[in-house]
Amino acid sequence: MNELLEKAEKLGIKIPPISSEKINEDIKPVLRKMEQVGIRIDCNVLHRLDQKLSKRLEELKQAIFKLAGHEFNVDSPSQMADVLFDELKLPVEGLKKTKTGISTAASELKKIENEPEIIKLILEHRELSKLISTYLRPLPLLVDEQDRLHTTYGMETTTGRLTSSEPNLQNIPIRGIYGLEIRSAFIASKGMKLVAADYSQIELRVVACLAQDRAMIESFKKGEDIHTRTASEIFDVPIKKVTKEMRRKAKAVNFGIVYGQTPYGLSQALGIDVQKAAEYIMHYFNVHKGIKDYINEMIVKAHTDGYVETLFGTKRYLPEINSKIRFIAEGEERMAINTPVQGTAAEILKLAMIELDKRLAKTGARMLLTVHDEIVVEAAEKEAEKVGRIVKEVMESVVTLCVPVEAEAGAGKNWAEAK
DNA sequence: ACAATGGTCC
DNA sequence: ACTCGGACCATTGTA
């Protein structure tokens with residue numbers, strides 16, 4: 001405990017004197033309450049979208065059959081591979097193989113030159129069937145008499161993150177038009193509003209601090225867009241000359257840092273060749289020596305101590321880090337890099353939830369959901385703005401990092417509108 | 001019942 | 001020969 005506080009002090013961090021064990025005890029009753037309250041669902045929205053997408057799905061299926069020359073199970077990857085690569089003879093060069101054959105994953109299909117019509121149809125089919133079978137159909141079956149959905153939160157992760165199951169409300173779609181439409185089915189109770197607040201780049205702020213990376217700390221202090229800043233560094237252009245495409249690539253680099261970047265992994269994420277990816281990473285480490293040193297420190301620590309730990313002292317043991325099988329050892333090295341970052345961010349959010357639970361007790365507002373760096377609260381319509389300010393304030397002040405901790409809060413009649 | 005494949009979220 | 005971290009869940013196909 002004292003060592004933790006000392007370590008934090010050295011990093012320019014102020015944390016409340018609470019151990020990870022205590023956090024994990026205190027969060028439990030908060031989670032149980034959230035599970036019981038549940039979140040209200042507008043089943044009509046889900047049902048209407050189901051009808052609409054099911055119709056489109058049938059059209060897509062027929063169009064795929066026509067191009068394939070016969071009917072088959074579009075949901076079967078093995079049958080799909082037979083059709084695409086044996087019958088239609090689409091090029092397999094550069095595509096990943098699975099144990100059973102050639103991968104038909106969307107990321108692989110997108111690599112096929114000039115995207116044949118059938119590929120476009122398959123990708124749309126995959127998107128719609130996913131939404132229908134995972135969200136639109138099952139969720140309405142799980143609501144209670146008040147149209148409320150109750151998840152179960154778990155704490156059995158290796159990093160300290162929470163899980164959500166039966167149903168998982170931490171992977172509700174958000175991308176694309178359908179994503180937002182599905183989120184709009186998550187609504188506030190009568191006379192109330194949803195308040196959604198999420199941390200801005202919490203993991204990158206944490207790593208900037210843990211690594212004491214000067215450039216990154218300066219960037220956060222200035223309030224810059226971190227991905228644009230990274231793009232300017234790795235492509236060596238002024239901030240103003242950063243294009244959307246450059247920013248997109250830089251974003252992948254920044255994510256990679258937190259995950260234990262490899263050139264191969266980055267190349268896969270961006271669909272570029274490994275050489276290019278290695279180049280980006282090299283440019284990145286030229287600027288961010290602090291990050292580079294941090295990564296090495298964590299790997300060395302894991303090898304010598306056998307574990308790494310978060311800011312609040314959650315340990316993760318890495319018994320295979322000295323394995324002779326390189327693949328295994330490297331896997332654990334990436335965990336050594338990622339766990340302190342992801343775990344610390346998770347602890348910060350749990351701390352905020354514990355604190356928020358106390359602060360909201362006096363108001364009529366109730367916490368409903370949490371999604372790793374986000375908290376969703378339900379508040380009386382008239383109080384929504386005020387509650388939004390409270391949530392934001394609690395999230396931002398529960399720890400003091402060496403960079404600003406920022407959260408954004410919004411309010412609306414549904415989850416899509418609140419973000 | 002279980003492994004493999006694929007896909008959604010942060 | 002080849003993987004970027006952490007989860008949960010649906011479907012197919014085999015046992």
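Each chain gets a letter, A, B and so on, in the order the sequences are listed, and its residues count up from 1.
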side-chain N/O A:Lys99 vs B:dA4 OP1/OP2, d < 4.0 Å: yes
Could you tell me whether A:Val258 contacts a base, only the sugar-phosphate backbone, or nothing, with contacts defined as non-hydrogen atoms closer than 4.0 Å? nothing
Aromatic plane relationship, A:Tyr280 with A:Phe235 - under 30° parallel, 30 to 60° tilted, over 60° perpendicular: perpendicular
Protein and nucleotides 13-15 of chain C: nitrogen or oxygen contacts under 3.5 angstrom:
from   : atom 1 : to      : atom 2 : distance (Å)
C:dG13 : OP1    : A:Ser76 : OG     : 2.5
C:dG13 : OP1    : A:Gln79 : NE2    : 3.0

What nucleic acid atoms does A:Arg137 come within less than 4.0 Å of, heavy atoms only: base, sugar-phosphate, or nothing? nothing
Heavy-atom count around A:Arg214 CZ within 6.0 Å, excluding the residue itself: above 12? no
Give one of base, sugar-phosphate or nothing for A:Ile174, where a contact means two heavy atoms less than 4.0 Å apart. sugar-phosphate
Under 4.0 Å, heavy atoms only, any strand: does A:Leu266 hit a base, just the sugar-phosphate, or nothing? base
Contact under 4.0 Å: A:Arg161 side-chain N or O vs C:dG6 OP1/OP2: no
If the cut-off is 4.0 Å, is A:Arg175 near the phosphate of B:dC9, judged by side-chain N/O to OP1 or OP2? yes
Are any of A:Thr152's side-chain N or O atoms less than 4.0 Å away from OP1 or OP2 of C:dC8? no
With heavy atoms under 4.0 Å as the rule, sort A:Ser103 into base, sugar-phosphate or nothing. sugar-phosphate
Among B:dG7, B:dC9, C:dG5, which nucleotide has an atom closest to any side-chain atom of A:Tyr259? C:dG5
So what does A:Ala252 hit on the nucleic acid, given a heavy-atom distance under 4.0 Å: a base, only sugar-phosphate, or nothing? base
Do any side-chain nitrogens or oxygens of A:Thr100 fall under 4.0 Å of OP1 or OP2 in B:dA4? no
If you take atom types as modelled and just measure distance, does the side chain of A:Gln342 reach the base of C:dG6 with a donor-acceptor pair under 3.5 Å? no
Taking Watson-Crick (N1-N3 plus N6-O4 or O6-N4) and G-U wobble (N1-O2, O6-N3), each under 3.5 Å, can you produce the dot-bracket string of DNA chain C? Use [ ] for crossing pairs and | for inter-strand ones. ....||||||||||.
Ignoring hydrogens and angles, does a donor from either the side chain of A:Thr262 or the base of C:dT3 sit under 3.5 Å from an acceptor on the other? yes
Taking any heavy-atom pair under 4.0 Å as a contact, classify A:Ser267: base, sugar-phosphate, or nothing. nothing
